[in-house]
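To start, the structure itself, in structure tokens.
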Number of protein chains: 2
Amino acid sequence: MAERGRPRGFDRTEALERAMRLFWTKTYEGTSLAELTEAMGINAPSLYAAFGSKEGLFREALAHYSDRAGGGFWKELDEIPDARTAVEHLLLATAAAFSDPADPPGCLIVLGAQHGCDDGDAVHRELRARRRENLDQLANRLRRAVTEGELPADFDAAGAAAFYLSVQTGMSVLARDGARREALEAVARGAMLGWDRWVAGGAAVKSSLRSS
Amino acid sequence: MAERGRPRGFDRTEALERAMRLFWTKTYEGTSLAELTEAMGINAPSLYAAFGSKEGLFREALAHYSDRAGGGFWKELDEIPDARTAVEHLLLATAAAFSDPADPPGCLIVLGAQHGCDDGDAVHRELRARRRENLDQLANRLRRAVTEGELPADFDAAGAAAFYLSVQTGMSVLARDGARREALEAVARGAMLGWDRWVAGGAAVKSSLRSS
DNA sequence: CGATATCTGTAGCGAACACTACAGATATGG
DNA sequence: CCATATCTGTAGTGTTCGCTACAGATATCG
């Protein structure tokens, strides 16, 4: 059954793309509806008919971001067979993406909204959930490497995941503050310098702690 | 000369402290004047007489934060004689502070405002400048260790500073997302695992890159 | 063609925002 | 005691916010 009524006068996907880039540049709360409608080339009622609300539009923009811009290296994390190479690639690809002049610097999922504390707000909960997803994906990738025998049984997958995600998250802010690609790559390479000692296991971690 | 006119009816420092904690919890843009006046126990005209504007109040709150809450470990970075211990202490003290239940999690300087791109806004420029200050202080501390002979002449102080700051910055977001103290300490310890290879110098970094 | 359904543009809604005019209150300086 | 100066509380200001009522336009269905 074909659609009835007057057909939509704009390309929904392109409008969504423009909204995503605006949210990415100015954050959720920092982007007004007037700015959105202007960038999308439509009027407010068209926006509400197509996306429901500012929040609905943001959530769709977020999904679009995960599928397109921010999704690449996270998918590859699972595809690259060697865990060490996979993590290194994640960080180096992040360094390249966050400093790509064609896109706003940093990650929409990290920088896309205010970082309040209480936040029962749905947008903040969704962003938090997606960051949590990244943490889990990283930990699961490392655990997989343990079961595959690449990493030792006592490998601290949860700790290492938190560490590597912390590095990647910090890179978002550094990029927003103007860090160049070489600087971000130095961060990525620096994070990999400790890999062997992560692999060496809990004893090495503890001795490093004792030496302080 | 003593002050003329009706004396102020509230403690300016305590009001500032309360404002700081509110900004710390809800960010600059996320905190309304109504919330501020309520938390500070004063009316809007008193706030404006004492602090000039919301922006002026935030800047004073920021200075208060640097002097009091966020300032401790950054001062100690320069006081601890051994650079390795100094950096390790910075990260471990950060882990403890960011997960202290008595304070809002994470750092006001990292989380205190929206992370927009263009931002000619004065508040954002000041936060960015303070983050830049942290980067410079860390790099200078490492360079000092080079001149003192603790670190080799070819030590990549700028790269290492970017790396360790990236870790610390990421910890702010992890803390905001609910990371416990042990998780943040794992991040801190993980960051120190690569220290020796940072010290081993550019050749080690490059070989690590080649191995990917 | 008429009925129906959806989209578009104008124009404006109530609420929240940062901020302030003004009058009364309360101190000091002479 | 009077003049002056500063603070406090009330009650607003104009602007911007996200959002929508409504009428006209444009499509399909029968």
Side-chain angles (χ1 to χ4, degrees), chain A residues 1-16 18-20 22-23 25-62 112-114 116 118-124 126, chain B residues 1-16 18-19 22-23 26-62 112-114 116 118-124 126:
Chain A
M1 184 198 290
E3 64 241 44
R4 301 252 290 223
R6 178 173 174 175
R8 179 175 288 130
F10 61 96
D11 181 344
R12 193 181 190 278
T13 303
E14 188 185 322
L16 179 60
R18 294 192 192 179
M20 179 203 74
L22 201 55
F23 281 134
T25 305
K26 311 195 65 166
T27 83
Y28 173 64
E29 297 91 350
T31 306
S32 72
L33 236 82
E35 293 170 315
L36 284 167
T37 54
E38 192 196 339
M40 299 164 83
I42 60 176
N43 293 104
S46 298
L47 190 156
Y48 278 82
F51 300 101
S53 64
K54 185 189 180 186
E55 179 187 322
L57 175 59
F58 182 77
R59 297 172 90 119
E60 279 205 50
L62 212 60
Q114 287 167 173
D118 36 7
D119 279 334
D121 186 40
V123 162
H124 294 207
E126 167 137 10
Chain B
M1 182 196 290
E3 65 241 44
R4 304 253 293 227
R6 178 173 175 175
R8 180 175 288 130
F10 61 95
D11 181 342
R12 192 181 191 278
T13 303
E14 189 186 320
L16 179 60
R18 294 192 193 179
L22 202 54
F23 281 134
K26 311 194 64 166
T27 83
Y28 173 63
E29 296 91 351
T31 307
S32 73
L33 233 75
E35 292 171 314
L36 284 167
T37 55
E38 192 197 338
M40 298 164 82
I42 60 177
N43 292 104
S46 299
L47 190 156
Y48 278 83
F51 301 101
S53 64
K54 184 188 179 186
E55 178 186 322
L57 175 60
F58 182 77
R59 298 171 89 119
E60 278 204 51
L62 213 60
Q114 288 167 170
D118 38 6
D119 280 335
D121 186 41
V123 162
H124 294 206
E126 167 138 9

At their closest point, which heavy atom of A/Gly116 faces which heavy atom of B/Thr27, and how far apart are they?
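Distance-wise, the nearest heavy atoms are N-CG2, 4.1 Å.
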Least distance between heavy atoms, A/Ala122 atom then A/Glu55 atom:
CB-OE2, 3.4 Å
Could you go through the side chain to side chain contact (heavy atoms under 4.5 Å, CB included) check for B/Phe51 and B/Glu60 one step at a time?
CA-CA 8 Å; B/Phe51 301 101; B/Glu60 278 204 51; 3.7 Å; yes
State the OH-CZ distance between A/Tyr28 and A/Arg59, to the nearest 0.5 angstrom.
9.0 Å
Could you work out which one of D/dT4, C/dA18, C/dG24 sits closest to the side chain of B/Arg6?
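Among the listed nucleotides, the one closest to the side chain of B/Arg6 is C/dG24.
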Closest approach to the side chain of B/Arg4, judged atom by atom: which nucleotide of D/dC7, D/dT4, C/dT4 is it?
D/dT4
Round to the nearest Å and state the distance from [X] atom [atom1] to [N] atom [atom2].
| X | N | atom1 | atom2 | result |
| --- | --- | --- | --- | --- |
| A/Tyr28 | D/dG18 | OH | P | 8 Å |
| B/Lys26 | C/dC17 | NZ | P | 9 Å |
| B/Phe58 | C/dA18 | CZ | P | 13 Å |
| A/Arg8 | D/dT26 | CZ | P | 17 Å |
| B/Arg12 | D/dC7 | CZ | P | 10 Å |

Residue met sooner reading DNA chain C from 5', once B/Gly5 and B/Ser32 are mapped to nucleotides:
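By nearest-heavy-atom nucleotide position, the 5'-most residue is B/Ser32.
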Considering only heavy atoms, which members of residues 33-52 of chain A lie under 4.0 Å from some atom of DNA chain C?
A/Asn43, A/Pro45, A/Ser46
